[in-house]
Amino acid sequence: DSTTKFQSHWSWSCTKRSTFLNSPMSIQLKIFAHFLLIHKNVKPLNFPEIRSLLPWEGNSDSELLVTLAVRGTKNLPDIIADILLEPVEYRGGYAHGGILENGISLAKKVLPKLEQLLKHSGRDKIRLYLVGHSLGAAAASIAAMELHDHDWIHVEAVGFGCPSLLSLELSQSTKDYITTVVADADIVPRMSGASLANLLLDLMEYDWTEVLLEDIEYSLEKARTTSDIAGFILPKTDDVLDWARSLIDGNFRPLLNKAKRERISSTLIPPGTCIHFYRDGKGYSGSFVPCDFFSSVDFARTLIDDHMIISGYHRAMLTIFRDWEQNYNFDFSHDIASIPA
């Protein structure tokens, strides 16, 4: 019947969930537990510490557990939702204008199904876990806020690489039931209209002149070492550098010395409790950070790679578990690249 078909599309069981401690190991275990949910690896693990945190383990007579994974950006409408960065009013604060309706629509769509599922289960309450990456994380967070209003649903959301979504006060009001995980320099959680405008100002006002002079000096010296003829043809390095400095001082320096423009305050930040996994020189470390830590773009060469599942979040989690196990041959039991989007 329709109920059985519906249940077959949901990963659910009952749990008595552990208290989330503030130790680094507990942070890693909780994030890994939810990371597995996204990749559908729902078979029991051999780590007791992890098993106590996994939603599909344990028993409860009064709660029915439902896990809902929300996919991220996939098609043109998703891209349009991502780039509509204008904040709109929501619950006394502001939310990402392009994503807000997606999250609200998701909540409206699943609510009657949850009601039906609860009725047929004979339980008193539903414990709902929403997980997602990128746009999916943001839609899951908004849906969690909508569903949190119902006292028969205990909802939690965990997002990986969630975009800047809520204003500061609104984000802080969701700390008890929304967690955002950010991999190192991932640009998406830092990307709002204000942060992109500030990044553009930083690039426009960047003093590139010393770097240019260093490049000229290096190029001339390199050319002389690669060819004997170049040593006779090329002018002296000091003469070229003096010429370049005079050109810069007369034409470009006045533009760079103009008064710096005031930066724009970011209205939106990631939601809930924020955890940052970052490269520490030998691997990855993790810590709780205020969500407004991600109010400006970290202009690093990995800012795109860190947002991806395989090169960003999967790599971070794999590194963490290899360090924890002290086994650098450790690998997850599923092939992440083979999982259909």
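Keep in mind it's a predicted model, so treat the numbers as computed, not measured. Numbers here are sequence positions counted from 1.
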- Do V240 and V211 belong together in a cluster built from hydrophobic side chains that touch within less than 4.5 Å? yes
* Using modelled atom types only, decide if a donor and an acceptor are shared between the side chain of T225 and the backbone of K222 within a distance under 3.5 Å. => yes
* Is E63 paired with K125 through a side-chain N to carboxylate O contact shorter than 4.0 Å? -> no
**Report entry** R315 side chain reached by I310 side chain, heavy atoms, under 4.5 Å
**Finding:** no
Report task. May I ask you to decide if E169's main-chain N or O and S167's side chain share a donor-acceptor pair within less than 3.5 Å? Result -> no
When you look at CD of E115, are more than 12 heavy atoms from neighbouring residues, nucleotides or ligands closer to it than 6.0 Å?
yes
Would you check if the side chain of D280 reaches a backbone N or O of G283 as a donor-acceptor pair within less than 3.5 Å? yes
Any heavy-atom pair between the side chains of L118 and R123 that's under 4.5 Å? yes
Original post:
Is V289 reachable from Y278 through a run of I, L, V, M, F, W or Y residues, each pair having side-chain heavy atoms under 4.5 Å apart?
Top reply: no
Indicate yes or no for a side-chain donor-acceptor contact from N251 to the backbone of L247 under 3.5 Å, with no hydrogens or angles considered. yes
Distance col, row M317:CE vs R322:CZ, nearest 0.5 angstrom, shows 13.0 Å
Open item on the list: Before you tell me yes or no, could you show the steps for L166 and L268 under side-chain contact (heavy atoms from CB on, under 4.5 Å), namely the whole-Å CA-CA distance, both residues' side-chain angles and the distance that decides it to 0.1 Å?
Closed with: CA-CA 5 Å; L166 303 174; L268 302 180; 5.6 Å; no
In sequence, state the C-alpha distance, the side-chain angles, and the governing distance for N102 and I142, and then conclude on side-chain contact (heavy atoms from CB on, under 4.5 Å).
CA-CA 8 Å; N102 285 349; I142 294 293; over 6 Å; no
Requested in this report: Would you mind reporting whether L100 and H96 have side-chain heavy atoms less than 4.5 Å apart?
Outcome: no
Keeping the roles fixed (side chain from S164, backbone from P189), state whether a donor-acceptor pair exists under 3.5 Å. yes
Decide yes or no for I309 and H133: does some side-chain heavy atom of the first lie under 4.5 Å from some side-chain heavy atom of the second? yes
Task: Note, S171 side chain near C291 side chain (heavy atom, < 4.5 Å) - done: yes
Quick one, H314 with F332, criterion ring-ring contact (aromatic ring centres under 6.0 Å, His included). Give me CA distance, side-chain angles, the key distance, then yes/no. CA-CA 10 Å; H314 183 267; F332 298 127; 5.2 Å; yes
Return yes if some donor-acceptor pair links the side-chain N/O of T273 with the main-chain N/O of K175 below 3.5 Å, else return no.
-> yes
* **Transitive ILVMFWY side-chain link Y94 to F294, under 4.5 Å** => no
Only residue of L114, L68, L128, D149 satisfying side chain to side chain contact (heavy atoms under 4.5 Å, CB included) with V155 is L128
- request: Taking the side chain as every heavy atom from C-beta outward, state whether I304 and I187 have any atom pair closer than 4.5 Å.
  value: yes
Result for side-chain hydrogen bond (donor to acceptor under 3.5 Å, both in side chains) between H307 and one of D184, D186, T302 points to D186
With a 3.5 Å distance limit and no angle check, can you tell me whether Y313 reaches the backbone of G161 through a side-chain donor-acceptor pair? yes
- Angle class for the H148/Y177 ring planes (parallel below 30°, perpendicular above 60°, tilted otherwise)? parallel
| Atom CH2 of W152: over 12 foreign heavy atoms under 6.0 Å | yes
Evaluation steps, salt bridge (charged side-chain N to carboxylate O under 4.0 Å, His left out), between D306 and R301
CA-CA 9 Å; D306 286 342; R301 63 181 180 84; over 6 Å; no
Taking side chain as C-beta onward, heavy atoms only, is R91 less than 4.5 Å from E146? yes
Taking the ring centre of each residue, are W324 and F330 less than 6.0 Å apart? no
| query | Can you check whether F277 reaches I320 side chain to side chain, under 4.5 Å on heavy atoms? | reply | yes
Margin query: Count I, L, V, M, F, W, Y as connected when their side-chain heavy atoms are under 4.5 Å apart, and connections chain through other members. Are L106 and I104 then in the same cluster?
Written below: yes
Given 3.5 Å as the limit, does a donor-acceptor pair link the side chain of T226 with the main chain of A223, or not? yes
